[in-house]
Amino acid sequence: MKQGNNIMIVGVGGQGTLLASRVLGNVLMAQGFDVKVSEVHGMSQRGGSVVTYVKYGEQVFSPTIEKGEADIILSFETLEAARWLPYLKKGGAVIVNSQEIDPMPVITGAAEYPEHILDKIKDQGVRLLTIDALSLALEAGSAKAANVVLIGMLSNHMDIPEEDWLAAIRECVPEKFIDLNVKAFALGRAADNA
Amino acid sequence: MLGNEAVARGLYESGCRLVSSYPGTPSTEITEYASKYDEIYCEWAPNEKVACETAIGASIGGARSFTAMKHVGLNVAADPLFTSSYTGVNGGMIIAVADDPGMHSSQNEQDSRHYAIAAKLPMVEPADSGECRDYVKIAYEMSERFDTPVLFRLSTRVSHSQSIVSLNEREDVALKEYKKDPAKYVMMPAMAKKRHVVVEQRQEALAKWAEETALNQMMMGDTKIGIITSGVSYQYARDAMGDKASYLKLGLINPLPVELIKNFAAKVDTLYVIEELDDIIESHCKKIGVKVTGKEKFPLIGELSQAIVREALLGETLPSTAFPEELPVRPPVMCAGCPHRGLFYALKQENCMVSGDIGCYTLGAAAPLSAMDTTVCMGASISGLHGFNKVRGEESTHHSVAVIGDSTFIHSGITGLIDITYNQGKSKVVILDNSITGMTGHQQNPTTGYTIKGDPTTAINVEELCHAVGFQNVKIVDPYDLKATRQAVKELLASDERSVLVSRRPCALLKYVKHKPPIQIDREKCRSCKACLRIGCPAISMKNGKAVIDQTSCVGCGVCKDLCAFGAIDPDKE
């Protein structure tokens, strides 16, 4: 059995984190792992900070990831990468979409969007990989495919054959969007600056 | 498979014939997944009480039946719940209740296990998706063997976590014969007195069964530490402690075993109870004279986690990396294009007391709209306002309003209107009709004209219903038209009679809703006054000193255009 890991997918409600976690869960199941994926529905989905936990290994007990337990944090948004940073294990990696989405306190002027977040994360000695997933998604054909671009980037950091990733994407997206998402995956996979 | 999907799979495999529920996070998907099986009749009921009664009727009618609800939904269904304990069942019956420790999407954090104790009903609690499927089958067998409805406790982390489930074929369970049996099913005092005796006998039989059922498992590791636990708390405990402890995992959480717990206690040095929310297992242990440590070490509030267990029992915390600055919070907000936004903006301008209710629109309480004074429970907006107006006098009806969504109105708002009419109140009510049950993820309801399966049905006409219960002044407004909405709210508050305003526009996230192209702000005309930010649209923000609209999230609703005094927002301009 290959070694298990803890992956967190974080972002803003409505960014498509649930689809990303479904693709990831399916591909891991196909590798023969015990997998748990824990998500939050309802109130917190409405433009709030959202998190999905994906855990795999020989046997997984708790469905959640706690502070200091995540091997990889895949962040769909810059500020959210900073917010969830304490969950990263020492020596873990953060993959972040460079998109910035203002939270309501910033919109109303009650707070400011922090500057140079990525540099400050790097300063903590964290392995940080950035990607402009939104532009690549638009290149693939739709802004909505940013989630699969990010999955493409993540795939470089996991020991899973490319065809298994593509099979998982085909299982999870509606048929008419398969080509778009396959393209998005390829762009994300090729964009790795590691 | 999600825990909720696995429950639905269990219903299918166990020959369930009827599911009736009202949506409520985190229980909603059980009924949605069940509706995909043609063998099961599924419906959304107007509320949990009706759903529970429908399931009771189906059980008496000889079928295996089911209802699911969130924890607060069980409060609504408590009346039939308590007496169904007396009548027992014909076909097996399961009542699933999903608790929400940590209140991810709820107004309180109540522990549903109290209901099992109070109603004297057996309760099972699965710990992952595989057990969700298995326990449904066991619960139906229990239900029929012990002649009782069975409570099925879920929590957010079991309902909304996916884990691997193996599948079986559907077992064909025949409809049982229906025989008149008033002594069992007509609960008037003479009959109920006899049935109470039966309930107590059943409690004894179940308590005996609790000692031997395979639902309760002992797993021995290091015997220095023993842990009694159930549900997702078991997963946290096992994650943190592995083989460094022994476990008594309880799948049947009411009634709790006595001898089994004493045996387990005798095998270990120090005994802990790890349970989320209240100290129910702990109190039971103390009552039977078993020394345990529970809430002294583990919180009564919020979710547990492996980190909490690790720290409490091993004194360990994992090293982690902090971001060096404080970060702005990101609370949930009304979506771009949300039809509730225009209405709440209008209410804010009137500076009136807003008696709120449960739904997406509860977000109207958040800044910058900040246009909600109270939220208690489903339907309380209308009846609560009635009480408020009665004590504060007629003048207050011109400065206060209830807001309630279409689904919540059908759930338990109608009786509030009747109260106002019957007792000659003059309260003002806004029904936010977005043509769907929004917060729980788009479920059909009696006003939408479609069933859970998407089949067309008779739509309840909200205006006619209001007329029928004595509200003659009923107006309709489109909340995308901000001027008209502000005018309609002014007229509503000025009215001298009890009145309803229906704010009608389908949820912007509905697939059939056609969006207009995103709107752009003319940078030249923008004077950076930030007036457009006052409606709290997540698509509008300040970038380099000027207001901009995010072109991927804007749906072109145009509510923002009336806020700009300089004509910088013009949806008709390319």
Side-chain angles (χ1 to χ4, degrees), chain A residues 12-14 21-22 25 29 34-49 53 60-64 66-69 77 79-83 85-90 92 101-114 117 120-121 123-126 134 143-144, chain B residues 2 25-26 28-29 104-106 128 156-158 160-164 232 234-240 303 305-307 310 317-325 327-336 360 362-363 366-368 439-441 530 533-534 536-538 540-542 550 552-553:
Chain A
V12 178
S21 63
R22 207 175 317 140
M29 261 198 310
D34 184 24
V35 184
K36 281 190 179 167
V37 178
S38 185
E39 50 203 43
V40 172
H41 303 197
M43 178 68 95
S44 32
Q45 255 185 312
R46 304 281 179 266
S49 170
Y53 307 110
V60 180
F61 291 103
S62 167
T64 60
E66 292 294 314
K67 283 182 182 165
E69 289 186 344
E77 199 272 348
L79 172 60
E80 294 310 306
R83 186 186 315 286
L85 191 63
Y87 284 72
L88 193 70
K89 194 183 270 181
K90 283 283 172 201
I101 301 173
D102 285 352
M104 197 47 70
V106 172
I107 291 176
T108 61
E112 282 187 21
Y113 198 99
I117 288 178
K120 287 172 192 163
I121 292 176
D123 289 346
Q124 306 305 310
V126 168
L134 193 58
K144 288 193 175 142
Chain B
L2 272 181
T25 312
T28 312
E29 299 83 2
H104 296 278
S105 195
S106 301
D128 62 21
T156 301
R157 296 298 179 186
V158 172
H160 287 166
S161 290
Q162 303 176 45
S163 58
I164 296 169
V232 75
Y234 161 74
Q235 308 287 8
Y236 299 142
R238 190 74 196 263
D239 203 288
E303 293 188 288
S305 68
Q306 59 271 29
R310 213 182 281 129
T317 48
L318 297 179
S320 73
T321 310
F323 190 77
E325 297 172 13
L327 299 168
V329 294
R330 190 185 299 275
V333 292
M334 285 180 188
C335 307
C360 288
T362 314
L363 294 168
M439 179 56 84
T440 43
K530 300 184 183 176
L533 300 180
R534 289 205 298 260
C537 177
I540 311 176
S541 60
M542 297 300 288
D550 177 52
T552 54
S553 52

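Small disclaimer: the values here were computed from a predicted structure and weren't measured. Chain naming here is simple, since letters A, B, ... match the order of the sequence lines and numbering starts at 1 in each.
- For chain A, the option among B:Arg238, B:Met542, B:Glu303 with the highest count of heavy-atom pairs below 4.5 Å is B:Arg238.
- Comparing A:Lys90, A:Glu39, A:Glu80, A:Lys67 by how many heavy-atom pairs each has under 4.5 Å with chain B, the most go to A:Glu39.
- Contact of A:Ala143 with chain B is made through the side chain alone, with heavy-atom distances under 4.5 Å.
- Of all heavy-atom pairs spanning B:Ser541 and A:Asp102, the tightest one is CB-OD2, 3.2 Å.
- Within the 4.5 Å cutoff, the side chain of B:Val232 has heavy atoms near those of the A:Pro63 side chain.
- Crowding of A:Lys89 atom NZ: a count of heavy atoms from other residues, nucleotides or ligands under 6.0 Å exceeding 12.
- Contact of B:Pro26 with chain A is not made at all, since no heavy-atom distance falls under 4.5 Å.
- With a threshold of 4.5 angstrom between heavy atoms, A:Thr64 approaches chain B through its backbone and through its side chain.
- Only the side chain of B:Asp128 comes within less than 4.5 Å of a heavy atom in chain A; its backbone stays farther off.
- You'll find the side chain of B:Tyr236 stays beyond 4.5 Å of the side chain of A:Glu66, heavy atoms only.
- Nearest approach of A:Ala82 to B:Leu327, heavy atoms of both residues: C-CD1, 3.6 Å.
- To the nearest 0.5 Å, atoms CD (A:Glu69) and CZ (B:Arg310) are separated by 4.5 Å.
- Counting heavy-atom pairs closer than 4.5 Å to chain B, the top-ranked of the candidates A:Leu134, A:Asp123, A:Val126, A:Thr108 is A:Thr108.
- Annotation: side chain of A:Ile107 is not in contact with side chain of B:Ile540 (no heavy-atom distance under 4.5 Å).
- In this structure a side-chain-to-backbone donor-acceptor pair under 3.5 Å is present from A:Arg83 to B:Pro328.
- Between chain A and the options B:Leu533, B:Thr552, B:Thr156, B:Val329, heavy-atom pairs under 4.5 Å are most frequent for B:Val329.
- Of the listed residues A:Met104, A:Lys144, A:Arg22, the one with more heavy-atom pairs under 4.5 angstrom with chain B than any other is A:Met104.
- Listed by chain and number, the residues in a ring pair (Phe, Tyr, Trp, His ring centres under 6.0 Å) with A:Phe61 amount to none (sequence neighbours excluded).
- Most heavy-atom pairs under 4.5 Å with chain A: of the set B:Arg534, B:Met334, B:Lys530, B:Glu325, this distinction falls to B:Glu325.
- A donor-acceptor pair is defined here as one N or O able to donate and one able to accept, closer than 3.5 Å; such a pair exists between the side chain of B:Arg330 and the backbone of A:Ile101.
- Counting heavy-atom pairs closer than 4.5 Å to chain B, the top residue among A:Pro105, A:Gly109, A:Ala111, A:Gly125 is A:Pro105.
- Looking at A:Ile121, both its backbone and its side chain come within 4.5 Å of chain B, counting heavy atoms on both sides.
- Most heavy-atom pairs under 4.5 Å with chain A: of the set B:Ala366, B:Ala322, B:Cys335, B:Ala240, this distinction falls to B:Ala322.
- Residues A:Gln124 and B:Thr321 bring no donor and acceptor atom of their side chains to less than 3.5 Å of each other.
- For B:Leu2, the part lying under 4.5 angstrom from a heavy atom of chain A is the side chain only.
- B:Ser163 is not listed as a side-chain neighbour of A:Val60, based on a closest heavy-atom distance of 4.5 Å or more.
- Among B:Ala336, B:Gly441, B:Ala367, B:Pro319, the residue making the largest number of heavy-atom pairs under 4.5 Å with chain A is B:Pro319.
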